[in-house]
Amino acid sequence: MPEQPDRPGPITYLDHAATTPLRPAARDAMLPWLGERFGNPSGDHRVARAARQAVDEARDVVADVVGCRPGDVLFTSGGTEADNMAVRGVHAARPGQVLCSAIEHDAVRSPVRLVGGATVAVDSRGVFDLGALGAALTPDVSLLALMTANNEVGVVQPVAEAAELVRRRAPRAVVHTDAVQAASWLDLPTVVAGADLIAVSSHKVGGPQGVGALVARRGTPLRPLLLGGGQERELRSGTHNVAGIVGMAAALRAAAAERNGATARVGALRDRLADGLLAAIPGAVQTGAAEGARRLPGTAHLCIPGIESEALLFLLDEAGVCASAASACASGAHQASHVLAAMGIGPDLGSGALRLSLGWTSADADVDHALRVIPAAVARLRGAQDRGAEPAGRGPSGPAPEAPRAGDKVVSPSAAQPPTIRSRDLSGEAPQR
Ligand code: PLP
């Protein structure tokens with residue numbers, strides 16, 4: 001456990017899904033490019049050629065880790081740009097109906113809404129509803145976006161099965177998968193094999209922030225978002241972030257090399273943490289851990305009745321535990337997350353959401369500290385509520401239920417599924433991580 005930056009005492013970092021610390025291999029790879037090495041990879045002299053070679057070597061690594069040809073890799077400024085480029089770039093090149101799952105990150109949801117797209121339901125475990133997809137697939141569909149694993153509850157999605165269905169029912173449609181959260185944990189060549197477009201982000205795997213990639217397999221219809229110097233096959237103009245790109249490649253390579261060991265080690269830590277919290281906090285339930293639903297090993301997501309996430313996060317931060325609710329605040333009103341709502345979890349439970357995400361630096365001491373701090377903080381908040389006091393960091397009003405808005409489109413789930421939740425207008429909300 002590192003020291004806290006602004007006060008003495010250890011810090012327990014349980015927010016790796018938001019960003020994970022820079023790996024030493026990434027830092028070492030970047031350092032020369034922050035010092036004596038420089039150069040614009042698009043130039044014609046030896047300094048430029050050296051930079052171009054570094055970018056090309058990084059491209060080879062990304063291709064190897066994702067399972068594509070080096071020429072398919074387009075470097076971007078991060079996952080958000082990669083997702084936007086996929087949705088808007090395909091829509092511009094091949095107009096038609098755009099579909100995405102109801103639990104996508106806003107980097108997908110917002111551009112899908114912009115192009116008039118619709119969402120497809122998930123079931124109560126947070127798993128994409130292939131039955132609802134089947135009903136929604138008409139020959140007019142041009143794009144399906146289905147994330148590889150969800151950023152809030154960690155549930156792994158059936159990308160290969162969905163892609164197979166798309167091929168059969170809507171053969172002109174392109175499949176995009178946001179693999180931003182999955183890249184640290186899953187063997188991408190296997191899990192994203194059916195996708196035409198794949199988004200990854202460096203800072204979720206231990207590389208620097210502000211760099212990512214969109215893999216666009218050969219023949220995928222795509223128009224650029226950014227016009228200019230014509231870099232990246234004319235699909236993403238802008239001088240390359242050489243230091244960021246080599247750092248991302250080093251981080252991806254390190255994560256892939258350590259994957260099997262890390263999955264077992266971090267998965268065991270996560271299970272000890274989740275089991276300990278479920279035993280110590282009456283009424284707490286674990287989200288995304290249902291039978292038959294595969295989860296990322298680093299993610300534990302709990303819903304804790306009788307408390308509000310914002311107040312809990314405030315107390316945890318005070319005690320040196322960094323966690324997240326992965327939900328959004330709009331002008332003081334805490335709104336239930338669209339992911340939980342899509343899983344049929346109402347505001348009574350969803351307002352007490354707690355995402356604890358572990359990563360490559362997580363250790364037993366983090367779990368021990370969290371198991372001491374979190375149940376005590378919950379008990380304190382519940383005690384304050386029993387006494388009628390206003391809990392820390394929160395007003396007295398309850399969470400605002402997620403309401404459908406005019407103009408939202410939705411593809412209904414099969415009758416047995418929980419109610420489908422429409423996508424929301426996100427203006428004014430806090431960013432999702
Ligand atoms: N997609 C998912 C699933 C994410 O979790 C995130 C980041 O939180 C993004 C996309 C955005 O990536 P970036 O932060 O690199 O823009």
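The figures here come from the full heavy-atom set of this structure, side chains too, leaving out hydrogens, waters and symmetry mates. Residues: numbered from 1 along the sequence shown. Counting starts at 1 for both ligands and their atoms, following the listed order. This is a predicted model, so every value here is computed, not measured.
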Going by the atom numbers of ligand 1, which of them fall below 4.0 Å from some non-hydrogen atom of M147?
3 (C)
Quick one: which of R59, E81, M85 gives a side chain to side chain contact (heavy atoms under 4.5 Å, CB included) with L74?
M85
Please identify which atoms of ligand 1 are closer than 4.0 Å to at least one heavy atom of D83.
1 (N), 10 (C)
When you compare ligand 1 with G79, is there at least one nitrogen or oxygen pair between them that comes in under 3.5 angstrom?
yes
D364 with R272: basic N within carboxylate O range, under 4.0 Å
yes
Tell me which one of N84, I103, D178 gets a heavy atom nearest to atom 3 (C) of ligand 1.
D178
Which of the numbered atoms in ligand 1 are under 4.0 angstrom from any heavy atom belonging to G78?
15 (O)
Of V155, L302, L340, the residue whose pairing with T287 passes side chain to side chain contact (heavy atoms under 4.5 Å, CB included):
L340
Short version for T80: what comes under 4.0 Å of ligand 1, heavy atoms counted, is both
Hey, is ligand 1 close enough to N151 that some N/O pair sits below 3.5 Å?
no
Check whether any side-chain heavy atom of D366 lies under 4.5 Å from a side-chain heavy atom of Y13, and answer yes or no.
no
Numbering the atoms of ligand 1 from 1, which are under 4.0 Å from a heavy atom of Q181?
3 (C), 4 (C), 5 (O)
So does R113 pair up with E104, basic N to acidic O under 4.0 Å?
no
Say whether K204 and ligand 1 are in contact under the criterion: heavy-atom distance to a ligand atom below 4.0 Å.
yes
Heavy atoms only: which of H203, E104, Q209 lies closest to atom 14 (O) of ligand 1?
H203
Atom CG in N151, atom OG1 in T299: separation rounded to 0.5 Å?
9.0 Å
Just do the side chain to side chain donor-acceptor pair (under 3.5 Å) check on Q209 and T19 with the steps written out, would you?
CA-CA 8 Å; Q209 295 166 343; T19 200; 3.1 Å; yes
